2 protein chains.
Amino acid sequence: MKQNVNKPTLQDVARKAGVSTATVSRCLNFPDQVAGRTQEKVNNAVRELGYSPDFGAKAMAARRTNTIGAIIPTMANALFARGLQAFQEELQLHGFTTLVASTSYSSETEEQQIRSLVARGADGLLLIGHDRDPEIYRFLETQGVPVLISWVYDTTATRPSVGFDNAAAMKEMANEVISLGHRQIALISAELEFNDRATARLHGIQDAMSDAGLDASNLQVVETHYGIDEGAVAFDELMNTAKPPTAVLCGNDVLAVGALRRARELDIKVPEQVSIIGFDDLDLARATFPALTTVLVPHREMGKQAAIALASKVKDDAPIQSYELKTKLVFRDTLGPVF
Amino acid sequence: MKQNVNKPTLQDVARKAGVSTATVSRCLNFPDQVAGRTQEKVNNAVRELGYSPDFGAKAMAARRTNTIGAIIPTMANALFARGLQAFQEELQLHGFTTLVASTSYSSETEEQQIRSLVARGADGLLLIGHDRDPEIYRFLETQGVPVLISWVYDTTATRPSVGFDNAAAMKEMANEVISLGHRQIALISAELEFNDRATARLHGIQDAMSDAGLDASNLQVVETHYGIDEGAVAFDELMNTAKPPTAVLCGNDVLAVGALRRARELDIKVPEQVSIIGFDDLDLARATFPALTTVLVPHREMGKQAAIALASKVKDDAPIQSYELKTKLVFRDTLGPVF
DNA sequence: TTGACTAATGTAAGCGCTTACATATACATG
DNA sequence: CATGTATATGTAAGCGCTTACATTAGTCAA
C-alpha cells in the first residue's frame with residue numbers, strides 16, 4: 001500500500017524557486033509582502049510541481065484552522081440541508097471553511113462527530129438543539145471551542161442559540177386546529193429522546209389543548225423515524241385506533257406527505273374527513289395534492305444568522321447574541337373544519 | 001473574554017500520567033502494547049484533562065489520515081444525500097472518515113473543494129461524473145490521490161467508475177414513451193455543461209428517437225436548475241410553445257414533481273393530456289398524485305460499491321474495478337398512451 | 001543465581017508548515 | 001558619501017504528534 005508519489009512540499013517549492021521557505025510561505029499567504037519578481041518565480045514553481053499546502057501542518061504552525069464545524073441530524077432532511085447551505089455560504093464570506101457531519105439522530109454518533117471535529121481543529125461548532133450529555137459540553141469547554149445552538153430558541157437555556165420557538169410555533173398552529181372544531185387530535189412526531197425540537201412541538205400542542213379546556217392527555221402521539229414511508233405507516237396506525245383523529249399534526253412536512261399519501265391510498269378525503277398539517281414548509285409542501293398546510297421555518301435566514309453569530313464569536317471573541325426567528329403559519333388545502 | 005483555555009496536549013497527558021509521550025501515544029493507538037496499569041494511568045489523565053488528539057499533528061506525523069473525501073453537486077438533492085450516506089456508512093466499516101463537500105454544480109467551486117480536500121489530506125476522492133478540466137486530474141495525479149468517479153458508468157472513459165449507464169437508462173424509458181405513440185417529446189434537463197450525466201440522458205432520448213425513425217432534433221429541451229419550482233416553470237414554458245409536447249421526460253424526480261404541480265395548476269390532466277416522467281425514483285415519486293413513473297437508480301448500492309472500491313484502492317493499492325449498476329423502469333401513473 | 005530472552009517504556013528525530021527575529025538590499029536625505 | 005529608513009528575504013525555532021531505536025524491567029530455564 002505504498003504511495004510512491006511524494007507530494008511536493010514547501011521545501012521543494014522553495015528549492016525550485018531558489019528562495020527560502022519563509023518567502024514561499026509569505027508569497028502564498030501575504031503576497032503583498034513579496035517582490036513581484038519573486039512572486040512570479042514562486043508561483044511558477046508551485047504550478048510546475050502541483051504543490052498544495054498541507055492543511056494539518058499549516059493548522060499546527062499557525063495555530064488556527066479557519067474552520068467551523070456543523071453537526072446536523074441528517075443530510076436527508078432538506079430542511080437541514082438548506083439551512084446548512086446558507087450557513088456555509090455566509091461563513092465563506094467571512095473566510096471560514098465549513099466541515100459538516102451528520103448523526104442519524106444518534107446521540108452517540110453525535111458525540112463521536114463532535115470529538116472528531118474538535119480534533120480536526122474546528123474553531124467553532126454549530127449544534128442542533130440543546131439536549132445532550134453535560135459531559136460533552138464540559139469537553140467542549142476544556143477544549144475552548146465555542147458552540148452555537150441552532151434550530152431552537154429557548155430563553156430558559158443557558159447557552160446562546162439562534163433559532164425559533166418550536167413550542168410557540170406548534171401551539172399557534174394547534175390553536176387554529178382547535179378553533180376549527182377539532183377535538184380528536186393526533187401528532188406524528190420524530191422520536192422525542194434527545195430531540196428538544198420534537199419535544200417542544202409536542203408541548204406546544206398540549207399547551208394549546210389545555211388552554212382550550214381540552215384534556216391534553218387525549219392527544220394521540222406516534223413517534224417514528226424521518227421519512228415519507230414512515231409517515232404513511234404512522235397515519236395508518238392512527239386511523240386504526242378506536243377513535244381516529246380528525247386532525248393529524250406532523251412534526252415535519254415529510255411525515256405529513258407520507259400521511260397524505262396513505263390517506264389517498266385509504267380513500268380518506270383530506271381535509272373533508274381528516275386534516276393533515278406539516279411543519280417546515282419545504283418546497284414539497286406545495287407539490288402535494290392537496291397542497292399542505294404547514295408552518296414556515298425560515299431555514300436559510302436561520303443558517304445565515306447562525307453563521308454571523310458564530311463567525312463574530314470566533315473572530316472577535318464577541319459574546320454570542322441569541323437571535324429569535326419568526327415562524328409563520330401557511331394555510332393551504334389540508335386543514336379544514338371538522339365535518 | 002480571551003480564549004485562555006489551552007487545549008491539553010500529549011505532553012500534558014504524559015506529564016500527568018508520569019510516563020513518556022511515546023507511551024501515551026501507544027496507549028491511545030495500540031493499547032495492547034502497553035501494560036494494564038499504565039493504560040489505566042494514561043486513560044485517567046486523558047479523561048481528567050479532557051484531552052483530544054490534534055488531528056493535523058497526528059496526520060503529519062503518521063503520514064496518513066484515514067480520510068476519504070467526497071464531492072457532490074448538492075446536498076439538497078436527496079439522491080446524492082442518500083448515496084453518500086451509504087458511502088459513508090460503508091467506509092466507516094473500513095476505518096475511514098468521510099469528508100463531504102458540495103459544489104452547487106459549479107465547476108469552479110468543485111476545483112476549490114478538490115484542492116481543499118487534498119490539502120486536508122484525503123487519502124482518496126469520490127467525484128461525480130467524468131467531465132472536468134484535465135488540469136485538475138493532473139493535479140490529483142501529482143498529489144498521488146486516487147479518484148473514483150461515480151454516478152456514471154462509461155466503458156469509454158479512461159478512469160474507473162462505479163455507476164450506471166445514464167444514456168441507456170434514459171433510452172429505455174424513451175423507447176417506452178415512443179412505443180406509446182408519443183411524437184412530441186420534451187426534456188426538462190439539469191444544466192448540461194460539465195454534467196455528463198445530464199448530457200448522457202439527453203443523448204439517450206435522442207438515440208431512442210433516431211432508432212424509431214423520428215427526427216431527434218424535434219426533441220424540445222429546457223435546461224434549468226434543480227428544484228421543484230424550476231421544474232414548474234420549465235413545464236410552463238414547454239406548454240406555451242407552438243407544439244406542446246405530449247410527453248415530458250425530466251432529468252430527475254424533483255423537476256418532474258414541479259412539472260406535475262404546474263400541470264395540475266394549469267388543469268392539464270396527467271397522463272391523459274400529457275405524460276410526465278421522472279428519473280431517480282426518490283420516495284417523493286410515490287408521494288405525488290398521480291404517482292410518478294420514473295427510472296429507479298440504486299443510490300444506496302451505488303454508494304456502497306463506491307466505498308468498497310475506493311477503500312480497497314487506498315488500503316491495498318488494488319486497482320479500482322469499475323462496477324456497473326442496473327437501473328429499472330418503474331411504471332406508475334404519469335405515463336400513458338397518446339390520446 | 002545467572003544469562004537469554006521478551007515485554008514495556010523512554011529518547012529523540014522528524015512530519016510540513018508559520019513567524020519572530022536577524023540580515024541584506026535599495027533608495028532617499030543631508 | 002555616510003546615514004537612516006523602508007522593503008525584501010533568510011534563519012531557525014517550534015506547533016503536537018508518531019515511531020525507529022535504545023534502554024530497562026520482567027520472566028524463565030538451567
Side-chain angles (χ1 to χ4, degrees), chain A residues 3 5-43 45-46 49-67 116 118-123 143-144, chain B residues 3 5-43 45-46 49-67 116 118-123 143-144:
Chain A
Q3 198 112 319
V5 196
N6 273 327
K7 310 200 185 201
T9 72
L10 237 215
Q11 274 286 357
D12 300 329
V13 176
R15 191 162 23 240
K16 179 138 200 160
V19 299
S20 75
T21 59
T23 299
V24 176
S25 174
R26 277 187 290 253
C27 184
L28 264 26
N29 297 302
F30 315 96
D32 37 298
Q33 285 180 21
V34 173
R37 248 188 59 67
T38 312
Q39 280 189 43
E40 237 169 78
K41 284 191 295 182
V42 171
N43 290 335
V46 166
L49 292 168
Y51 169 76
S52 164
D54 180 299
F55 182 84
K58 184 169 184 153
M60 181 159 54
R63 315 177 66 78
R64 61 186 145 62
T65 60
N66 288 324
T67 295
S116 159
V118 167
R120 283 196 136 87
D123 294 332
Q143 293 287 328
Chain B
Q3 198 109 321
V5 197
N6 273 328
K7 311 200 186 202
T9 72
L10 237 214
Q11 274 286 358
D12 301 329
V13 176
R15 193 164 21 244
K16 179 139 201 160
V19 297
S20 74
T21 59
T23 299
V24 175
S25 173
R26 275 187 290 255
C27 185
L28 263 27
N29 299 301
F30 315 97
D32 37 298
Q33 286 180 19
V34 172
R37 247 188 58 69
T38 313
Q39 280 189 41
E40 238 170 78
K41 285 192 296 183
V42 172
N43 290 336
V46 166
L49 292 168
Y51 168 76
S52 163
D54 180 299
F55 182 85
K58 184 168 183 155
M60 182 160 52
R63 318 179 64 78
R64 63 188 141 62
T65 60
N66 289 325
T67 294
S116 158
V118 168
R120 285 195 133 88
D123 294 332
Q143 293 287 329

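Keep in mind that this is a model prediction, so the values were computed, not measured. Protein chains get the first letters and strands the later ones, always in sequence-line order, with residue 1 at the start of each.
In summary, contact between chain B and DNA chain C, defined as any nucleotide atom under 4.0 Å from a heavy atom of the protein, begins and ends at C/dA8 to C/dG16 in the 5' to 3' direction.
Atom CZ of A/Arg15 and atom OG1 of A/Thr21 lie 10.5 Å apart (nearest 0.5 Å). A distance of 10.0 Å separates OG1 of A/Thr67 from CZ of A/Arg120, quoted to the nearest 0.5 Å.
At a threshold of 4.0 angstrom between heavy atoms, the contacts of A/Phe55 with the nucleic acid are absent. Contact annotation for B/Thr9: backbone-only contact, meaning every heavy-atom pair under 4.0 Å involves sugar-phosphate atoms and none involves a base. B/Arg37 comes within 4.0 angstrom of nothing in the nucleic acid, heavy atoms only. Using a 4.0 Å heavy-atom criterion, one finds that A/Ala22 contacts the bases of the nucleic acid, with or without backbone contacts as well.
D/dC21 atom P lies 14 Å from atom CZ of B/Arg26, rounded to whole Å. Atom CG in A/Asp32 sits about 18 Å away from atom P in D/dA6, given to the nearest Å.
A donor-acceptor contact shorter than 3.5 Å is absent between the side chain of B/Asn43 and the backbone of B/Glu40. Judged by distance alone, with hydrogens and angles left aside, the side-chain atoms of A/Gln39 form no donor-acceptor pair with the main-chain N or O of A/Cys27 at under 3.5 Å.
Taking the nucleotide of DNA chain C with the nearest heavy atom to each of B/Gly18 and A/Phe30, the more 5' of the two is matched to B/Gly18.
A donor atom on one side chain and an acceptor atom on the other are not found under 3.5 Å apart for A/Arg26 and A/Thr38.
In terms of phosphate contacts, A/Ser20 brings a side-chain nitrogen or oxygen within less than 4.0 Å of OP1 or OP2 of D/dG10.
Looking at heavy atoms from C-beta onward, B/Tyr51 lies in side-chain contact with B/Leu28 at the 4.5 angstrom threshold.
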